[in-house]
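Worksheet for the structure shown next.
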Amino acid sequence: MRSLTRFTFLGLALALSLAAPLAGQQPTVVADLVNDINDVESKLMQLARAIPADKYDWRPGAGVRSVGEVFKHVAADNWLLASAAGSPAPSTTGIRHEDYNTAGAYEKRQLSRDAIITELEQSLAHFKAAVSGTPSSKLGGK
């Protein structure tokens, strides 16, 4: 799970960082990013739904995130990355742009399996919309 979260975050961060030098190719870059997000979304949502609710508290060892915490972490990063792309997270998440502490607080919320799945779905949709709506003029910026 930890590798999946790291892979997801690193993959999306790398994709976004590569977008800047390719500003002239915006439609292709954005389309590729959305395709990658769709692929990750499909796999992640299948996994989240396949794991029974009573296993969401399982963790492989002390100091390691539980299954549910991993999914909340991914959702928090989706909200935060979308915010960095100019699409603020909904106020209900409590996540504010450039304030990683708010993402940490989001992750600590006690949620049921179904609520975690809903948050994950919504965060992925929001992130995908933020990437899809990124104009070419922003790809060369910070």
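Expressed to the nearest 0.5 Å, how far CG of Asn78 lies from CD1 of Ile37 amounts to 8.0 Å. Remark: Phe71 CZ to Glu119 CD distance equals 14.0 Å, nearest 0.5 Å. The line from CD1 of Ile116 to CD1 of Ile51 is 10.5 Å long, rounded to the nearest 0.5 Å.
Looking at heavy atoms from C-beta onward, Val67 lies out of side-chain contact with Lys55 at the 4.5 angstrom threshold. Between Asp77 and Tyr100 the shortest side-chain heavy-atom distance falls below 4.5 Å.
Thr93 places no side-chain N or O within donor-acceptor distance of the main-chain N or O of Ala89, the cut-off being under 3.5 Å. A donor-acceptor distance shorter than 3.5 angstrom exists from the side chain of Thr102 to the backbone of Arg96, with no hydrogens or angles considered. At least one donor-acceptor pair under 3.5 Å links the side chain of Arg113 to the backbone N or O of Arg49.
In this structure, Glu107 pairs ionically with Arg65, as a charged nitrogen and a carboxylate oxygen lie closer than 4.0 Å.
The heavy-atom pair separating Val34 from Ser132 by the smallest distance is CG2-OG, 3.2 Å. Heavy-atom minimum distance, Pro88 versus Gly86: CD-O, 3.4 Å.
Taking the side chain to side chain donor-acceptor pair (under 3.5 Å) definition, one finds that Ser87 meets it with His126, sequence neighbours left out. Legend: residues meeting side chain to side chain donor-acceptor pair (under 3.5 Å) with Ser42, ordered by chain and number and at least two apart, are Gln46.
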Phe127/Val40 under side chain to side chain contact (heavy atoms under 4.5 Å, CB included): CA gap, chis, key distance, verdict: CA-CA 12 Å; Phe127 182 59; Val40 169; over 6 Å; no
Leu124/Leu120 under side chain to side chain contact (heavy atoms under 4.5 Å, CB included): CA gap, chis, key distance, verdict: CA-CA 6 Å; Leu124 283 160; Leu120 191 55; 4.1 Å; yes
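Connection of Leu111 to Leu44 is established within a shared hydrophobic cluster, with ILVMFWY side chains joined at heavy-atom distances below 4.5 Å, either directly or through further cluster members.
A donor-acceptor pair shorter than 3.5 Å cannot be found between the side chains of Glu69 and Tyr56.
Sorted by first and then second residue, the pairs that involve residues 122-135 and meet salt bridge (charged side-chain N to carboxylate O under 4.0 Å, His left out), not counting sequence neighbours, are Glu41-Lys128.
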